[in-house]
Amino acid sequence: MVVIGLSILLSFAQVSQTGTVIGLVKLPGGKPSSAARVVLLPPKYTEVWSRQVQQRLDNYWETFKPEFAVNKEHFADYYKLAHSESLRYVMTAMRRDLGDGATKYIKETASTGEFQFGAIPFGSYQLLVQTMAAGEDIIWSRTVDVQTNVPIFVDLDRPVS
């Protein structure tokens with residue numbers, strides 16, 4: 001009985017450790033993006049996204065190998081496509097698995113390009129940002145380690161696609 005009472009007391013004393021991730025989406029050239037989708041992938045979904053990207057790249061390579069041999073620059077288009085399709089796939093999986101809880105990890109930027117994720121449990125995440133510029137899909141990817149309750153500012157730097 002004492003053990004049960006002590007464990008209940010300890011569970012109330014434990015405070016969940018969460019952090020905040022903030023950032024600003026800027027298009028190449030420095031102009032803030034007015035509309036972007038920002039996704040913070042928990043480890044399970046980071047693995048799903050990585051597998052999807054690799055699987056799609058492998059499939060495109062096998063399908064279009066003769067084309068890539070003649071026009072190597074076309075591979076960059078399929079590289080972007082693999083990232084974009086994989087992002088859609090993982091967002092669908094998150095919405096299916098997490099239901100309304102997915103909104104904690106999937107956001108749209110403010111009109112100034114700013115974004116914020118709050119009450120994120122400590123851990124390692126993959127941050128993916130997708131926007132359009134000049135008719136092209138642009139995706140950034142950054143690893144974010146949330147290990148403190150001090151807000152973490154994410155600098156997006158160069159896009160992956």
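- Interatomic distance, CG of Asp137 versus CG of Leu81, reported as 9.0 Å (0.5 Å rounding).
- For Arg88, the side-chain hydrogen bond (donor to acceptor under 3.5 Å, both in side chains) partners at least two apart in sequence or on another chain are Ser84.
- Every residue two or more places apart in sequence or in another chain that forms a ring pair (Phe, Tyr, Trp, His ring centres under 6.0 Å) with Phe68 is listed here: Trp61, Phe75, Tyr78.
- Across every non-hydrogen atom of Ile138 and Pro159, the tightest pair is CG2-CB, 3.4 Å.
- To the nearest 0.5 Å, atoms CD (Glu108) and OG1 (Thr131) are separated by 9.5 Å.
- Between Pro42 and Gln126 the shortest side-chain heavy-atom distance does not fall below 4.5 Å.
- Taken to the nearest 0.5 Å, the CG atom of Leu57 stands 7.5 Å off from the OG atom of Ser86.
- No side-chain N or O of Glu114 forms a donor-acceptor pair with one of Thr109 less than 3.5 Å apart.
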Q. Does the pair Asp155 and Arg142 meet the rule for a salt bridge (Lys or Arg N to Asp or Glu O under 4.0 Å), with working shown?
A. CA-CA 9 Å; Asp155 182 10; Arg142 293 286 172 272; over 6 Å; no

Q) For Ile22 and Phe115, what are the C-alpha separation, side-chain angles and deciding distance, and is it a side-chain contact (heavy atoms from CB on, under 4.5 Å)? A) CA-CA 6 Å; Ile22 59 174; Phe115 63 88; 5.8 Å; no

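- Annotation: the span from Lys80 atom NZ to Ile139 atom CD1 amounts to 10.0 Å, rounded to 0.5 Å.
- Side-chain N/O atoms of Gln116 and Thr20 include no donor and acceptor closer than 3.5 Å.
- Leu27 and Met132 make their closest contact through CD2-O, 4.5 Å (heavy atoms, listed as atom of the first residue, atom of the second, distance).
- The shortest side-chain heavy-atom distance between Val53 and Tyr79 does not fall under the 4.5 Å cut-off.
- If you take OG1 on Thr103 and CD1 on Ile106, they are separated by 8.5 Å, rounding to the nearest 0.5 Å.
- Phe122 is connected to Phe117 through a chain of hydrophobic side-chain contacts under 4.5 Å among Ile, Leu, Val, Met, Phe, Trp and Tyr, so both are in one cluster.
- Contact annotation: the side chain of Leu87 approaches that of Gln130 to within less than 4.5 Å [non-hydrogen atoms, C-beta and beyond].
- For the residue pair Asp58 / Gln54, a side-chain donor-acceptor distance below 3.5 Å is found, with atom types taken as modelled.
- Among all heavy-atom pairs drawn from Gly23 and Phe153, the shortest one is CA-CE1, 3.6 Å.
- Rounded to the nearest 0.5 Å, atoms CZ (Arg56) and NE2 (His83) are 11.5 Å apart.
- In this view, Pro121 and Lys104, Tyr105, Tyr125 satisfy the side-chain contact (heavy atoms from CB on, under 4.5 Å) rule, not counting sequence neighbours.
- Shortest non-hydrogen contact noted between Leu156 and Trp140 is O-CD1, 3.4 Å.
- You'll find the side chain of Leu128 stays beyond 4.5 Å of the side chain of Val38, heavy atoms only.
- The existence of a salt bridge linking Lys44 and Glu47 is excluded, since no basic side-chain nitrogen approaches an acidic carboxylate oxygen closer than 4.0 Å.
- The closest side-chain heavy-atom distance from Arg95 to Met91 is below 4.5 Å.
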Q: Begin from the C-alpha positions of Gln17 and Val146 and carry the test side-chain contact (heavy atoms from CB on, under 4.5 Å) through to its verdict.
A: CA-CA 10 Å; Gln17 297 180 326; Val146 179; over 6 Å; no

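- Using a 4.5 Å heavy-atom cutoff, the side chains of Asn149 and Thr18 are not in contact.
- In this structure the side chain of Arg51 reaches within 4.5 angstrom of the side chain of Val48, judged on heavy atoms.
- Put simply, the side chain of Leu127 does not reach to within 4.5 Å of the side chain of Leu41, judged on heavy atoms.
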